[in-house]
Amino acid sequence: MAHELPVRLVLSHDLWVPIPAALQYDANDPYAVRAVFHTLDQSGTVEWFLSRDMLAQALSEHTGHGDVRMWPTSDSGRDVVRTVLSSPAGSALLEFPAQGVESFLRETRSAVPPGTESSRFDLDAELAQLLAEN
């Protein structure tokens with residue numbers, strides 16, 4: 001399932017640019033959310049994997065550390081989830097519309113209710129695959 005969102009790339013306190021983006025969820029990878037951002041020149045995409053639980057937590061409090069940090073806030077009367085993504089190439093401050101994130105998470109919970117993720121994940125098969133690769 002995919003949910004298109006109007007994400008803002010914040011360049012300064014007064015300047016931001018819209019970035020076409022989508023949150024994607026696959027019930028076969030029940031703990032993860034894929035965030036797909038289209039580059040500003042539309043020549044490609046950048047993808048980040050986020051924790052579904054962390055995304056839900058970001059609607060009400062600061063969460064994350066290291067490469068991904070998220071928190072709720074309001075900007076010009078609009079509730080958003082601010083997200084900082086950091087890599088060796090640099091950092092980006094993004095704003096996701098909170099209502100869009102909530103709607104996306106409701107859809108994922110319908111597909112895989114919280115607490116049932118492990119029933120979708122075959123740990124023995126994944127471990128066997130990892131050991132076979134080494």
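- Cluster annotation: L15 is not connected to V80 through the hydrophobic network of ILVMFWY side chains, with a link wherever side-chain heavy atoms come within less than 4.5 Å.
- For the pair A56 and L105, the tightest heavy-atom approach, listed with the atom from each and the gap, is CA-CD1, 3.5 Å.
- Following chains of ILVMFWY side-chain contacts shorter than 4.5 Å, one can reach V46 starting from L9, so the two form part of one hydrophobic cluster.
- Taking each heavy atom of S74 and D79 in turn, the nearest pair found is OG-OD1, 2.7 Å.
- M54 is not connected to V84 by any chain of hydrophobic side-chain contacts under 4.5 Å among Ile, Leu, Val, Met, Phe, Trp and Tyr, and they are in different clusters.
- With rounding to the nearest 0.5 Å, the separation of CZ in R78 from CD in E95 is 6.0 Å.
- Distance alone, capped at 3.5 Å, is enough to place a donor-acceptor pair between the T39 side chain and the G44 backbone.
- Every side chain to side chain contact (heavy atoms under 4.5 Å, CB included) that E107 has, sequence neighbours left out, goes to M1, H3, S103.
- Legend: ring-ring contact (aromatic ring centres under 6.0 Å, His included) pairs involving residues 55-95, not counting sequence neighbours, sorted by first then second residue: H62-W71.
- One finds the CZ atom of R8 at 12.0 Å from the CG atom of L94 (value rounded to the nearest 0.5 Å).
- L59 and P72 get closest at one heavy-atom pair: O-CB, 3.5 Å.
- A distance of 8.0 Å separates CG of D29 from CZ of R34, quoted to the nearest 0.5 Å.
- Side-chain contact between L85 and F37 is present, with at least one heavy-atom pair separated by less than 4.5 Å.
- Of all the heavy atoms in L5 and G100, the pair that sits closest is CD2-CA, 3.6 Å.
- Pairing each heavy atom of A22 with each of E4, the nearest pair is CB-OE2, 3.6 Å.
- Separation of atoms CG (L23) and CZ (R52) is listed at 13.0 Å; rounding is to 0.5 Å.
- In the hydrophobic cluster analysis, where Ile, Leu, Val, Met, Phe, Trp and Tyr join through side-chain heavy atoms closer than 4.5 angstrom, V81 is grouped together with I19.
- Between the side chains of D67 and S86, no donor-acceptor pair is found at a separation under 3.5 Å.
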Requested in this report: Carefully, step by step, assess V112 and Y25 under the rule side-chain contact (heavy atoms from CB on, under 4.5 Å).
Outcome: CA-CA 10 Å; V112 180; Y25 185 74; 3.5 Å; yes

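- Placement of M70 and W16 in two distinct hydrophobic clusters is found when ILVMFWY residues are connected by side-chain heavy-atom separations under 4.5 Å, directly or transitively.
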